[in-house]
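Numbered from 1 within each chain, the chains take letters A, B, ... in sequence-line order.
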Amino acid sequence: MKTKSDVPDIVTWGESPAGFYISETRKPIKLAAHQAAILRHIFTRQDDERLAYDTVIFGASKKSGKTTIAALVAEYFCLFFEAPNEVYLCANDQEQSIACVFKALAQSIRLNPHLSNRSDVQAKLARFDNGTDCYALASGYAGSAGSNHGLTVWDEL
Amino acid sequence: MPYSGKGTKAEIKQRKEAALKHGVFAFRDHGPSALTKEQRGTYAALQDQLSTRQGAIEVLKEQATQAMLLAEIAQSYCVQQHEAGKSLDEIALLRSLPAFWNSANRALKTYLDVLPKEENRLTLGETITKAVKEHENQK
């Protein structure tokens with residue numbers, strides 16, 4: 001497992017050229033101060049290297065970037081948490097899941113020069129060469145039974 | 001009737017027709033339309049897998065694994081037969097053993113060509129961490 005010292009914190013990573021890219025600007029994300037503070041708080045590892053929370057509910061007003069934050073969290077987890085891992089992006093139906101979080105994640109990966117030849121983005125699956133897979137999944141989808149996921153991200157429930 | 005090994009003219013004709021209708025030649029000459037429903041499913045899955053670089057690499061990896069395993073099995077069979085008392089001349093498979101190993105080596109070399117070079121073998125997390133640190137140092 002990576003230790004506190006050798007993993008960049010989520011905000012430093014996200015805003016760096018190796019970080020999370022926004023499709024509109026084609027540049028790394030610039031987080032608002034409150035978003036940075038919340039994300040740092042959530043992803044600060046404890047002394048035992050575990051995160052402080054098992055479940056996080058992130059609520060904000062419309063068009064404030066919830067979906068983008070969800071995609072950023074998913075990508076950060078894919079890169080730095082216990083690879084090989086499985087991450088599931090869930091929504092009310094698969095179309096919605098793909099249209100929202102997965103789309104933001106896929107675009108970020110495609111725009112990131114550090115990931116271009118070390119990941120593979122398919123229609124419903126983003127595969128990283130550290131062995132971690134990120135799936136777009138409908139919440140009612142029966143095929144997820146028996147998964148061994150490290151993170152599930154839920155949007156538009 | 002049990003298969004005689006050679007077969008009558010009628011049997012040979014039937015086999016040739018079957019190969020043309022259901023087999024490799026039919027697919028070669030007529031494409032996916034000559035496949036059975038099950039084979040069409042496999043064809044579609046293979047097409048899907050080969051549509052990405054990672055998918056194609058996975059196929060090469062599988063082929064290399066199979067070829068290596070086949071060569072290992074063939075070799076251990078020869079050793080087993082020799083240990084059981086057969087002379088080398090009597091072990092027919094021994095003559096094909098170089099071909100098995102050549103195929104295995106070719107498959108392995110093809111797979112190695114698409115693997116990232118050793119100098120790039122930092123893990124993904126390490127690569128990204130290094131890039132973030134370099135960016136921080138430049139600030």
Exercise. Of all heavy-atom pairs between A:Ser16 and B:Val132, which one has the smallest distance, and what is that distance?
Worked result: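 Result for this residue pair: OG-CG2, 3.4 Å.
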Problem set entry | Structural part of B:Glu134 lying under 4.5 Å from a heavy atom of chain A |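 It is neither, since no heavy atom gets under 4.5 Å.
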Between [atom1] of [X] and [atom2] of [Y], what distance do you get to the nearest 0.5 Å?
X	Y	atom1	atom2	value
A:Leu79	B:Glu126	CG	CD	12.5 Å
A:Ser119	B:Leu124	OG	CG	7.5 Å
B:Thr129	A:His114	OG1	NE2	11.5 Å
A:Asp129	B:Thr127	CG	OG1	7.5 Å
A:Phe128	B:Thr123	CZ	OG1	13.5 Å

Problem set entry | Top contributor to chain B interface from A:Asn117, A:Thr12, A:Thr132 [non-hydrogen pairs under 4.5 Å] |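 Maximum pair count with chain B is reached by A:Thr12.
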In the single-linkage hydrophobic clustering (I, L, V, M, F, W, Y; side-chain heavy atoms under 4.5 Å), do [X] and [Y] co-cluster?
X	Y	value
B:Tyr77	B:Leu88	no
B:Val59	B:Tyr111	no
A:Tyr21	A:Val11	no

Exercise. Is atom NZ of B:Lys61 surrounded by more than 12 heavy atoms (other residues, nucleotides or ligands) closer than 6.0 Å?
Worked result: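 For B:Lys61, atom NZ is not crowded (no more than 12 foreign heavy atoms under 6.0 Å).
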For this session: Return yes when atom CZ of A:Phe58 has more than 12 non-hydrogen atoms of other residues, nucleotides or ligands closer than 6.0 Å, and no otherwise.
Result: yes
What side-chain donor-acceptor pairs closer than 3.5 Å can you find for residues 101-108 of chain B, not counting sequence neighbours?
from: B:Trp101; atom 1: NE1; to: B:Gln75; atom 2: OE1; distance (Å): 2.8
from: B:Asn102; atom 1: ND2; to: B:Pro98; atom 2: O; distance (Å): 3.3
from: B:Ser103; atom 1: OG; to: B:Ala99; atom 2: O; distance (Å): 2.9
from: B:Asn105; atom 1: ND2; to: B:Trp101; atom 2: O; distance (Å): 3.4

Problem set entry | Heavy-atom side-chain contact between A:Asp120 and B:Arg53 under 4.5 Å | no
For this session: With the side chain counted from C-beta on, respond yes when B:Thr52 and A:Val121 share a heavy-atom pair under 4.5 Å apart, and no when they do not.
Result: no
Problem set entry | Residue pairs passing the salt bridge (Lys or Arg N to Asp or Glu O under 4.0 Å) test where at least one lies in residues 7-26 of chain A, sequence neighbours excluded | A:Asp9-A:Arg40
